[in-house]
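All values reported here derive from a predicted model rather than from experimental measurement.
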Amino acid sequence: NAGVMQNPRHLVRRRGQEARLRCSPMKGHSHVYWYRQLPEEGLKFMVYLQKENIIDESGMPKERFSAEFPKEGPSILRIQQVVRGDSAAYFCASSTTGADKLFFGSGTQLSVL
Amino acid sequence: DQQVKQNSPSLSVQEGRISILNCDYTNSMFDYFLWYKKYPAEGPTFLISISSIKDKNEDGRFTVFLNKSAKHLSLHIVPSQPGDSAVYFCAARINAGNMLTFGGGTRLMVKP
């Protein structure tokens with residue numbers, strides 16, 4: 001049973017480009033969460049999705065950031081027109097309905113030059 | 001507004017001794033608490049949890065204590081081992097949703 005899969009592990013973008021981060025949840029998990037970890041900081045919640053629905057996006061910046069979890073395929077976190085401050089580790093987690101805990105992927109390290 | 005705080009950014013202990021990691025929270029709606037362990041370049045992995053109806057949960061070398069009146073929980077690791085060296089995150093959840101609120105983490109270093 002594969003765990004939460006994130007790709008790419010490392011992503012380098014120049015300022016103004018778009019970044020697309022992918023997350024495939026664990027088999028049987030229908031809830032996906034995205035967290036961001038800035039250097040020397042903790043994990044900050046960004047968005048919580050279920051299939052085809054955004055449940056809570058209270059942690060998402062108002063502009064340039066979007067997330068989706070389509071009926072088929074992985075969840076995508078999209079950052080448009082990246083800036084240096086977007087450089088961080090982005091973690092995806094998944095769970096089943098009513099689960100006590102989240103299972104995390106290994107993260108995508110985004111570096112903006 | 002930081003609802004979950006880990007006031008010690010780092011902790012160093014000798015192998016075989018006890019490690020105590022602390023966590024404070026402000027939101028009285030939190031009713032479930034978890035500890036995650038994170039190695040460099042990896043995602044956090046679940047370690048141990050406790051429901052707000054309990055004050056202690058033990059799993060092998062790991063014990064979590066919850067003091068609801070003080071809004072404080074702690075993780076005890078005994079005996080500490082060099083392989084325990086990692087960043088430990090405290091997290092809390094409101095029953096209404098699965099979203100976890102994390103503290104800033106404590107880097108534990110266990111010296112041989």
Side-chain angles (χ1 to χ4, degrees), chain A residues 2-10 21 23-26 29-50 53-60 67 69 88-111, chain B residues 1-10 21-25 27 29-54 57 59 62 64 66 86-108:
Chain A
V4 178
M5 303 300 291
Q6 288 188 250
N7 68 81
R9 286 298 306 272
H10 301 275
L21 289 66
C23 170
S24 296
M26 285 181 70
H29 287 192
S30 58
H31 302 249
V32 166
Y33 311 78
W34 285 93
Y35 283 80
R36 175 166 66 173
Q37 185 181 23
L38 294 169
E40 304 303 321
E41 293 189 15
L43 294 150
K44 302 294 184 187
F45 168 77
M46 298 183 75
V47 62
Y48 164 33
L49 310 102
Q50 295 180 21
N53 285 306
I54 296 175
I55 307 302
D56 183 343
E57 57 181 348
S58 58
M60 287 277 271
F69 188 18
Y90 291 81
F91 292 97
C92 170
S94 72
S95 74
T96 56
T97 301
D100 288 338
K101 58 183 181 282
L102 308 185
F103 293 84
F104 282 83
S106 296
T108 293
Q109 182 65 51
L110 172 65
S111 298
Chain B
D1 177 30
Q2 204 172 354
Q3 298 187 68
V4 180
K5 290 184 181 179
Q6 294 176 253
N7 291 317
S8 297
S10 64
L21 296 94
N22 293 303
C23 177
D24 297 293
Y25 62 95
N27 191 338
M29 297 291 290
F30 289 139
D31 67 349
Y32 196 76
F33 304 89
L34 307 89
W35 285 93
Y36 279 80
K37 177 179 178 180
K38 185 182 180 302
Y39 292 116
E42 294 183 12
T45 55
F46 170 76
L47 193 58
I48 193 169
S49 62
I50 188 167
S51 166
S52 61
I53 62 174
K54 295 186 176 182
N57 188 25
D59 183 2
F62 303 91
V64 56
L66 175 63
V87 177
Y88 289 78
F89 290 99
C90 166
R93 191 194 74 183
I94 297 173
N95 194 40
N98 286 350
M99 187 191 83
L100 296 181
T101 300
F102 283 84
T106 297
R107 183 177 304 276
L108 173 65

_Interchain contact, B:A91 with chain A, by part (heavy-atom threshold 4.5 Å)_ = neither

*Beyond-backbone contact of A:K101 with B:Y32, side-chain heavy atoms, under 4.5 angstrom*: no

*What distance separates B:F89 CZ from A:Y35 OH, expressed to the nearest 0.5 Å?*
12.0 Å

_Let me confirm one number: the CE-CZ distance from B:M99 to A:F45, rounded to the nearest 0.5 Å._
5.5 Å

*Heavy atoms under 4.5 Å from chain A: which residues of residues 42-49 of chain B carry them?*
B:E42, B:G43, B:P44, B:F46

*Compare every heavy atom of A:F91 with every heavy atom of B:K38, then report the nearest pair and how far apart it is.*
CE-CZ, 3.4 Å

*Can you say whether A:Q37 sits under 4.5 Å from chain B via the side chain, the backbone, both, or neither, judging by heavy atoms?*
side chain

_Using a 6.0 Å cut-off, check whether atom CE of A:M60 has over 12 heavy atoms from anything other than its own residue._
yes

